[in-house]
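In this chain, residues are counted from 1 in sequence order. Side chains included, hydrogens not; waters and symmetry mates left out as well; all remaining heavy atoms used.
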Amino acid sequence: MTISFNQSPQNARILSVGAYRPPRVVQNGEIAPRIDSSDEWIQQRTGIISRHFASPDESLIDMAFKSAEIAIARAGLTFEDIDAVIFATISYPFQAPSAATELLTRLNNSTAAAFDISAACAGFCYGVAIANDMVRSHTAKNVLVVGAEKLSDYTDPDDRATAFIFADGAGSVVIGVSDHVGIGPTVWGSNSQTRDAIVLNPSYLEYKNNPGKLDIGWPNISQQGQTVFRWAVYAVAPIALQALAAAGMEPDQLDAFIPHQANERIIDSLVKSMKLPESVAVARDIRTTGNTSSASIPLAMDALLTERPDLHGKSALLVGFGAGLVYAGQVVELPPIPQKSN
Ligand code: UT7
């Protein structure tokens, strides 16, 4: 038997980005009293000044849809043009049907390939990697990659270790065919020995020893902040530099750096360890968005392009890292000026 695969690889790039932030802005002062903290402590330790929380009747899918419709319109496409949806999230409560298929019905598109990925704060970069390979191999033409989270539903407002960090929002990109390389090779992997450092349901630890049915209730995130912080500052810079080298670039050839928005001190440390020159624009969306896990990189990308429209079409190094612990990074060409702006 001979199986044929006659098409030669084609190039892919990000055609557009869309973002959605829920209207409700939550200042540190609203969070701090319940956890015996202060606006000053939260700003000094994380850089976060405020974040957005969805309203109780606003779902993860509502937010994802709003970011997706902007991205699709900016790419000059219609909902029917999307032939695959990759939905990165850790805050959709159901294993099946997937959030991706739920989103598809909102897009009035009932035929595209659709699946969710669970790679936490690296989820968006995992999605970009997969979408790039799908377009390169002709498996799909226009892939919608969504990162969306409603983490306010999964955060205990009385937990001193997490209540001030996590937030809500959604970001989407459309990845499609290009006449040149618009997405570099992805460097990805994991440090699974440290997977207990961020857990979205404390019952996970019990389940490891007793894998039967558990009365798990509604889950909340717990994290060993210092363990994750230390890992991020020593492990992520070399990964990001590998992604840059894999794209054949030097730090001074880069136009922008858009890391996962976990903590501004982590961002500062990465910039320093990587010796990024001042000419590289650094995304610091965390200040007014908080940590939105899978959504943080597309949200930060959209914010950076709003602030610096001259960066449309320029290069950016993306790097995501988080629960698992998992990571992924790649150099991309930022999307061009939208064909239609919303
Ligand atoms: O996106 C997923 C990946 N997640 C991350 O990347 C998160 C990484 N970790 C972090 O960003 C940081 O570890 C945190 C922001 C979570 C915590 O900051 P930290 O500098 O690591 O704080 P710490 O736990 O080392 O605590 C330092 C001090 C302690 O007081 P003493 O012992 O120095 O007197 C804590 O008791 O700060 C105190 N503290 C607080 N004070 C006010 C701890 N939590 C709080 C709080 N408010 N919420």
Side-chain angles (χ1 to χ4, degrees), residues 10-19 67 70-77 122 124-125 127-129 131-132 135-136 142-145 147 171-187 236-237 239-261 264 267-268 270-289 295-320 328-342:
Q10 60 187 353
N11 293 316
R13 69 186 166 105
I14 298 178
L15 303 178
S16 60
V17 61
S67 71
I70 296 169
I72 294 168
R74 285 181 176 173
L77 298 173
F124 178 76
C125 290
V128 169
N132 181 42
V135 172
R136 280 183 70 77
N142 295 306
V143 186
L144 177 71
V145 181
S172 293
V173 294
V174 178
I175 292 180
V177 180
S178 169
D179 60 6
H180 58 276
V181 177
I183 299 174
T186 294
V187 172
V236 175
I239 293 156
L241 286 172
Q242 277 174 42
L244 194 61
M249 292 174 68
E250 299 291 334
D252 62 0
Q253 294 174 298
L254 196 62
D255 298 305
F257 178 47
I258 310 179
H260 166 51
Q261 306 286 296
E264 196 171 13
I267 298 172
D268 288 339
L270 293 178
V271 170
K272 198 169 161 202
S273 318
M274 292 167 69
K275 299 189 172 56
L276 291 184
E278 299 252 315
S279 57
V280 178
V282 178
R284 294 176 185 281
D285 190 41
I286 187 157
R287 291 174 180 166
T288 52
T289 303
S296 89
I297 291 176
L299 283 171
M301 183 187 291
D302 187 76
L304 189 62
L305 288 171
T306 303
E307 196 184 310
R308 289 276 314 271
D310 58 301
L311 289 172
H312 281 286
K314 299 286 174 57
S315 64
L317 172 61
L318 316 182
V319 64
Q330 65 267 112
V331 176
V332 300
E333 178 183 291
L334 290 167
I337 293 168
Q339 302 195 21
K340 178 182 165 196
S341 39
N342 302 63

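For D179, the side chain to side chain donor-acceptor pair (under 3.5 Å) test picks out no residue, with sequence neighbours left out. Judged as a side chain to side chain donor-acceptor pair (under 3.5 Å), and not counting sequence neighbours, the contacts of S67 are S172. Remark: D255 pairs with L311, K314, S315 by the side-chain contact (heavy atoms from CB on, under 4.5 Å) rule, at least two apart or across chains. Taking N132 as the reference, nothing meets the side chain to side chain donor-acceptor pair (under 3.5 Å) condition, with sequence neighbours excluded. With sequence neighbours left out, R136 forms a salt bridge (Lys or Arg N to Asp or Glu O under 4.0 Å) with no residue at all. A search for side chain to side chain donor-acceptor pair (under 3.5 Å) contacts involving E333 returns H180, not counting sequence neighbours. Remark: D252 engages no residue in a salt bridge (Lys or Arg N to Asp or Glu O under 4.0 Å) (not counting sequence neighbours). Here A131 pairs with I86, V143, V145, I175 under the side-chain contact (heavy atoms from CB on, under 4.5 Å) rule; sequence neighbours left out. Residues that satisfy the side-chain contact (heavy atoms from CB on, under 4.5 Å) test with Q10, not counting sequence neighbours, are V135, H138, V177.
Considering all non-hydrogen atoms of both residues, P259 and L270 come closest at CB-CD1, 4.2 Å. Nearest heavy atom pair, residue G147 against residue A295, reads O-CB, 3.2 Å. Considering every non-hydrogen atom in both V17 and P335, the closest pair reads CG1-CG, 3.9 Å. Shortest non-hydrogen contact noted between P338 and R74 is CB-CG, 3.6 Å.
Formation of a donor-acceptor pair under 3.5 Å by the Q261 side chain with backbone atoms of D285 is found in this model.
One distance of note links CG of L15 with OG of S178; it measures 8.0 Å at 0.5 Å rounding. Note that the CD1 atom of I267 and the CD1 atom of I258 stand 11.0 Å from one another [nearest 0.5 Å]. Rounding to the nearest 0.5 angstrom, the gap separating the CG atom in L318 from the CZ atom in F124 is 6.5 Å.
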For residues 239-249, tabulate all N or O donor-acceptor pairs below 3.5 Å that involve a side-chain atom, not counting sequence neighbours.
none

Side-chain donor-acceptor pairs under 3.5 Å in residues 271-282, sequence neighbours left out?
unit_1, atom_1, unit_2, atom_2, d
S273, OG, S269, O, 2.8

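Two residues are said to be in side-chain contact when any heavy atoms from C-beta on lie closer than 4.5 Å; C125 and H260 fail this criterion.
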- [ ] With side chain to side chain contact (heavy atoms under 4.5 Å, CB included) as the test, would you mind laying out the steps for I297 and V128 before giving the verdict?
- [x] CA-CA 11 Å; I297 291 176; V128 169; over 6 Å; no
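Counting only residues at least two apart or on different chains, the side chain to side chain donor-acceptor pair (under 3.5 Å) pairs with a member in residues 303-313 are R308-D310.
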